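Shown next, in structure tokens, is the structure this report addresses.
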Amino acid sequence: MNIQHNISLKPYNTFGIDVLAERFIEVNSIKELKEVLAREKDIFLLGGGSNMLLTKPMSKLVVHLNLIGIIVNDTDPNFVFVTAEAGENWHDFVLWCISQNYGGLENLSLIPGNVGTSPIQNIGAYGVEIKDIFYQLEAIEIETGLSKIFSLEACKFGYRNSVFKNEFKDKFIIVNVSFKLTKLNHKLNTSYGDITAYLKDKEVSIKSISDAVITIRQSKLPDPKIIGNSGSFFKNPVIATELFNQLQKEYATMPFYKISETEIKIPAGWLVEQCGFKGKRFGDAGVHEKQALVLVNYGNASGQEILNLATKIQKKIKEAFKIDLEIEVNIL
Ligand code: EPU
């Protein structure tokens, strides 16, 4: 085992937070992963580092998963089953599927991170979530080192949620994920307003939808290679219809999505903008100028500074709207 000491995690998290890992190891195969687990259980698993905020040095052994490869099972006339190893970059994987004319992932183009972490928060964008094309995943149990297959049902996917954020949090390491994709008759989802507008007068295909998503995301969301960020920092809150009715009297233009007869989802970005935070900067911590749901690191912000800003925003929104904003990224 080649353990390195006092490694900066700055290149390994998309927020670009500079904290040290006391011990760090690169793992290139399931066999190597099992060797690590045989010796050490109290580990921190690092995938694409795209959904975390590091607020203090890592005392646990940091394991960087570097499992690469794609396997295709093409025996069905309509569907193809594609298995990607956890360390594959998500967006590169999406583009590869599109190049093979495999449909289903196009709306999820340009989401930062790796394949292995995508099911944990059931990544979603532009009307599609991973659960819509998910087939199964393989994970190694940290305690026993044994491999287990999780079906769609076993993952208990919800809005930015799964079993891996709840009862199995820190209990399993996802090593590969399989998707059931279409070869023919692609199920195209163009319902999202911005996508409909982009595709007006264009041929609708998995490629053109992916192009639309890439264009929309690039126009609204900061590129983590240029400005550190973790995408949406908060979840869109779901509120009771009574509170919604009260708020709507005061804020007639408030955007909303009806979830059920009793629940309404409000875009957190709108709430943050209403409270005057959009584009604001406090030292190197800030709120993105084009999408107020995204907190950014302009260079040398610490995780604690970003977290302080988040707390300030949560407090303001609670005072103004009586709404609790829940943080979406993992605070470590
Ligand atoms: N809005 C504002 N001000 C802002 C941002 C948004 O008023 O600064 C309003 C917009 O005008 C629009 C509404 O809020 O009416 C929704 O905005 P948008 O379409 O940008 O989507 P979102 O609800 O803010 C969610 C996901 C994104 C995903 C987009 C598109 C969550 C927490 N976020 O954002 O996911 O890309 O929808 O599907 O559900 C991520 O998770 O990292 C992420 C970027």
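As the structure is a prediction and not an experimental result, all values here were calculated from the model. Counting starts at 1 for both ligands and their atoms, following the listed order.
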Give me the nearest non-hydrogen protein atom to [atom] as residue plus atom name, then the distance to 0.1 Å.
{"atom": "atom 24 (O) of ligand 1", "result": "Gln291 NE2, 3.0 Å"}
{"atom": "atom 41 (O) of ligand 1", "result": "Arg160 NH2, 2.8 Å"}
{"atom": "atom 36 (O) of ligand 1", "result": "Arg217 NH1, 3.3 Å"}
{"atom": "atom 43 (C) of ligand 1", "result": "Ser232 OG, 3.0 Å"}
{"atom": "atom 1 (N) of ligand 1", "result": "Trp270 N, 3.8 Å"}
{"atom": "atom 34 (O) of ligand 1", "result": "Leu293 CD2, 4.0 Å"}
{"atom": "atom 39 (O) of ligand 1", "result": "Tyr159 OH, 2.7 Å"}
{"atom": "atom 38 (O) of ligand 1", "result": "Tyr126 N, 2.6 Å"}

Strictly under 4.0 Å, does any heavy atom of [X] approach an atom of ligand 1?
{"X": "Tyr257", "result": "yes"}
{"X": "Gln274", "result": "no"}
{"X": "Gln121", "result": "no"}

Checklist entry - Are any of the N or O atoms of Asn236 closer than 3.5 Å to those of ligand 1? => result yes

Can [X] and [Y] be counted as having a side-chain donor-acceptor contact under 3.5 angstrom?
{"X": "Asp194", "Y": "Thr196", "answer": "no"}
{"X": "Asn185", "Y": "Asn78", "answer": "no"}
{"X": "Ser178", "Y": "Gln136", "answer": "no"}

For [Y], is there an ion pair with [X] - N to carboxylate O distance below 4.0 angstrom?
{"X": "Glu261", "Y": "Lys258", "result": "yes"}
{"X": "Glu328", "Y": "Lys235", "result": "no"}
{"X": "Glu141", "Y": "Lys41", "result": "no"}
{"X": "Asp74", "Y": "Lys183", "result": "yes"}
{"X": "Arg39", "Y": "Glu35", "result": "no"}

Next on the checklist: Please check if the number of heavy atoms outside Asp223 that lie under 6.0 Å from its CG is greater than 12.
Outcome noted: yes

Sub-4.0 Å atoms of ligand 1 with respect to non-hydrogen atoms of [X]:
{"X": "Lys278", "answer": "3 (N), 4 (C), 8 (O)"}
{"X": "Gly231", "answer": "42 (O)"}
{"X": "Ala125", "answer": "36 (O), 38 (O)"}
{"X": "Pro255", "answer": "15 (O)"}

Checklist entry - Counting only heavy atoms on the protein side, is anything nearer than 4.0 Å to atom 10 (C) of ligand 1? => result no

Select the closest option to [atom] among [options], judged by heavy-atom distance.
{"atom": "atom 18 (P) of ligand 1", "options": "Phe234, Tyr192, Phe256", "answer": "Tyr192"}
{"atom": "atom 8 (O) of ligand 1", "options": "Ala292, Gly124, Ser230", "answer": "Ala292"}
{"atom": "atom 3 (N) of ligand 1", "options": "Glu129, Glu328, Glu273, Lys265", "answer": "Glu273"}

Just checking [X] against [Y], ring centres under 6.0 Å apart?
{"X": "Phe179", "Y": "Phe81", "value": "no"}
{"X": "Phe164", "Y": "Phe150", "value": "yes"}
{"X": "Tyr251", "Y": "Phe256", "value": "no"}

Item to check | Lys/Arg cation over aromatic Tyr12: Lys10, 6.0 Å, 45° cone | outcome: no

Next on the checklist: Under 4.0 Å, heavy-atom basis, I'd like to know which part of Pro267 is in contact with ligand 1: side chain, backbone, both or neither.
Outcome noted: side chain

